[in-house]
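See below for the structure under consideration.
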Amino acid sequence: MIPVQLILKNFLSYRDATLDFGGLHTACICGSNGAGKSSLLEAITWAIWGESRATVEDDVIYSGAKEVRVDFTFYNNQQKYRVIRTRLRGATSVLEFQIETPAGFRPLTGKGVRATQDVILQHIKLDYETFINSAYLRQGRADEFMLKRPTERKEILAELLKLNQYDQLEERAKDNSKQYKGRAEELERSLDNIKSQLQQRETTKAERAGLEVQLNQLQQQQAFDNIQLQSLQVAQHQRQNLAEKLSFVRHQYQNLSQDGDRLHQDQLVVKSQLADLESILNQSAQIQAGYAQYQSLQSQEEAFAAKFEQHTRAISLRQQQQQQLAKQIQSLERQLQQAEAQLEALEQQERELQQTLTKAAEVDPALSQLAAAREHLNYLDQLQMQVNPLLQQRANLQSQLDRTHASLVARLEQLQATENQLQSQNRRQPQLQQAVMDVGIQIEQLEKKRVYLQRVQEKGHERRHFIERLQAHQRDYEKLLGELEQKIQMLQNPNALCPLCERPLDEHHWSRVIQKTQLEYEDTQGQFWVVREQMAVSDREIQVLRQEYREISQQLAAYDALREQRGQLAAQLQATADIQEQLQQIAAEKQNLECSLQGNYAPDQQAELQELDQNLQQLNYNERDHALARSEVERWRWAEIKQAQIKDAKKKQFQLAARKPELEASIHEFKATIQSEQTDSDIARQINALEQEIKEIAYSSEQHNNLRQGVREFQSWQMRYQQLLSAQQQYPQIAKRLEDLTASKNSRLVEQQKLASQIDIIEEQLKATANPIEQINALEQQIAIRRRELDEKIAYLGRLEQRVHQLEMLQNQYEQEQEQLKYCKQQQRVYQELTQAFGKNGIQALMIENVLPQLEAETNQLLSRLSANQLHVQFVTQKAGRSGKSTRKNAKLIDTLDILIADARGTRAYETYSGGEAFRINFAIRLALAKLLAQRAGAALQLLIIDEGFGTQDTEGCDRLIAAINAIAADFACILTVTHIPHLKEAFQARIEVNKTQQGSHLSLSI
């Protein structure tokens, strides 16, 4: 990857910045500490991979800005690419990826940030971790590899080489080995159990054969009893037909008796109706006279009802006219009241204006006092304009000093909290180790239960499949039983045909066919009960398996939580490794901060603050005097207000004098109009005419009420008149009805006598027929007893057949599980070998052994340039262990990663070398690792970024380091070095200067 252009907008300390890498081969990024040198490089990692040192994504946005944007253009494999990443504060990021074509940049952006990120990685073939461990030598990490213990160096190298994937494969192989081992143990237990059950196979078959012979004998006896029962049932059926016929005739006789009684009652009712009608017809003259009187009173009442309607209509119209007249008069009275109220308000205003005009003599002296107060206030305002900038500057300086002091205090508090936390973690280390061991034991126990749970689940599936096959057999047997029952019912008919050839059957063939059909029916029924018994046993087994599955599942509910807890505890235990070193660093930083808080911070700002205080003292501006001057002006402002009020009062007094005569004339006019409306208006004349009409109608409510009472008293004659007309019409019909009822009653008596003679004949036939009910009951009881015995033996036979079938299935299962046991043991051995191969001493150790010679050669090549061939390193991966009993010849070898460093005086420990020498060694190893990682990632290392501190180097060491960079420059397309040391800065012809101001960091390029 070769950078071409970097454009920043609101990224960390940069507001707007553009850096063109064209023409840069080896360049220096220089500037003071905190100016934003590393931020410039982190913009590249954030644009491509979305990674930076910020813990919260919004922290990369410039303080106070809402959006960040980084536009990075680069070459990779002779192809030009462009990445644009933007983010709104509080929202998600947006990522664009483009490739250059002859027509311009073409987008390669995917659907979403994650898809686009995958496309970028496919093209550059370099992820973030590989980049920061290869092309980007980050600040403070040069000696990370050397300061670790020899056993830890292998872990770091394995992590850089991404060998942790083999740890995952080792864990998976170990889990699979445990699973197959548990499965093999379970199969061995199952095979022992099956073998003991198969020993009962021959005994069960012999018992089944003897039971089948007994069943055959019982079925023959049952068939003979069934034939006798059928002949007795035929005789019983004939006797039942006679009894049913006798019951039917008796029922008809009873119905005729009931019809005769009903007809007699109807005769009595009709005779009573004829008597009532004759009574009404005898009163015909009296009813007609009363009805005529009722009609006369009704016509008089209708005439008075018409007068009542006219009278009511005239009164309603009079009320409407009176209401309309009252509304008009009320409207005029409201207008009169408004005019009188306005006149009274005018008089009140005249009195108030007169009081205001009497205070005109007090206003002129107050106006002169107001002018003097305003002149003094203008002087103080001008003085404030001179003082305000100085006060604002003083407030800014004081605020900066307060922020500096607060940041020092906050940092000190943060260090104290961190120190307390680290001490607490250091005390918790033994507890964490014990907790990790306890959780590991629990997880191992649960893993065994997981293997057993899988076996329970497989057995449950096997039982369910067996039940499904039994259900299919049950449906087949039910269908066959239905068909056989239908055949047996057809054969019960006297003229039954053969079910196969459809020919008539004689007595001998009929007996053979029915016996064969019944035997087939009973055999099918026995097989049906066997299937039912097998289903019941399988259901019970499934219930037991389900209960066991639920119990084990509940126990395994904590498995994932325990694994997560083990990871967390291991991470916490790993974090406590470097606590002592961190505590020493925190103590030193706390001492420096406490010294600064004594007053030795921001000396330039404190001096500027003292100078501002002297200038303010010379101006002698007092905010209190300024406030008093403002209050004095406000105290005399009433004079201006009173002066304006007096002018307004004179103007309003003139307007009121012109308005008053108009209101007095309106009041007189309203009073005259009201008097005229009450006597001479059209509505008043209409009201008088309606009152005259009411008198002429002469309606009397008393006479009308008397007529209504008379009509109600004679209204009953109308109903009696209607009854008379109805009686004259119904009398002939009811007389005819009485004659019909008498004839029907006589015919019922004749039919009743015929039925009585039939009853006597049927009763004599029943006495002559024998009743076989006792023989039938005895025979049915005997058949039922034998049927129960057959059912018990059939059920037992079904259980025996099920047992035989189960033993046959167990034999097949025994053979299958033997094959499975052989396979599981084979797989267990395979995964045990894979566990060893994927372990630390397997493929990982082999890969590290292959990589170290290349790393050693590359390191010594670089180190020879940096030290003028004075330093040499050697990587040792094994050493002899210490043992008092073993000789040197057979001493055990220990895996390690020691780094032997030699100079002109011989091989010495890393700690005995000076700071400059140690840095050169670190730099050479780090750069060699970078080249090695880039080659393994499949990408050419064309860009090298060195963001390391060079403060430990003397002048000669810096010159050699610069010479080494120039020496390896041909291996890279672009080398960027970050430093703040002037000597190093001057050694580079191409420099990128970074300066930080209040408006953010700025870039300047010099070539």
Side-chain angles (χ1 to χ4, degrees), residues 203-234 236-237 466-467 469-503 505-539 775-808:
T203 305
T204 305
K205 288 184 177 179
E207 187 177 359
R208 181 183 65 176
L211 186 60
E212 287 176 349
V213 173
Q214 296 177 9
L215 280 173
N216 191 18
Q217 295 174 357
L218 288 174
Q219 288 172 352
Q220 290 177 0
Q221 294 175 4
Q222 191 79 340
F224 180 74
D225 290 344
N226 284 329
I227 294 172
Q228 290 182 347
L229 179 62
Q230 290 175 2
S231 61
L232 292 174
Q233 286 175 346
V234 170
Q236 177 66 17
H237 181 67
F466 180 62
I467 287 180
R469 292 196 299 272
L470 290 178
Q471 288 175 346
H473 291 327
Q474 181 182 3
R475 289 192 293 269
D476 294 339
Y477 287 143
E478 288 177 348
K479 181 179 179 182
L480 183 57
L481 286 173
E483 294 175 355
L484 292 174
E485 286 180 354
Q486 186 177 3
K487 288 181 180 179
I488 292 173
Q489 290 178 0
M490 291 173 59
L491 292 171
Q492 298 300 324
N493 295 328
N495 299 321
L497 300 177
C498 178
L500 298 177
C501 61
E502 296 184 355
R503 294 179 180 178
L505 294 173
D506 55 15
E507 185 67 22
H508 175 68
H509 289 90
W510 176 84
S511 178
R512 288 183 60 188
V513 170
I514 195 169
Q515 182 179 4
K516 183 178 179 181
T517 305
Q518 287 179 346
L519 287 174
E520 186 179 358
Y521 177 83
E522 291 168 358
D523 183 45
T524 304
Q525 193 174 31
Q527 293 176 1
F528 174 77
W529 284 108
V530 170
V531 170
R532 293 287 299 272
E533 185 69 21
Q534 290 176 344
M535 289 178 62
V537 173
S538 298
D539 284 335
Q775 297 177 2
I776 291 174
N777 291 336
L779 195 57
E780 286 179 347
Q781 186 175 4
Q782 182 178 353
I783 291 173
I785 293 171
R786 192 178 291 111
R787 177 73 262 176
R788 285 193 295 272
E789 185 178 359
L790 279 170
D791 291 341
E792 291 174 357
K793 291 185 180 296
I794 288 172
Y796 184 60
L797 178 62
R799 289 193 292 272
L800 289 176
E801 289 180 347
Q802 180 185 6
R803 181 61 179 165
V804 171
H805 181 70
Q806 287 178 348
L807 291 173
E808 292 175 355

Rounded to the nearest 0.5 Å, how far does [atom2] of [Y] lie from [atom1] of [X]?
X: Glu522; Y: Arg787; atom1: CD; atom2: CZ; answer: 5.5 Å
X: Leu470; Y: Arg475; atom1: CG; atom2: CZ; answer: 11.0 Å
X: Asp476; Y: Gln474; atom1: CG; atom2: CD; answer: 10.0 Å

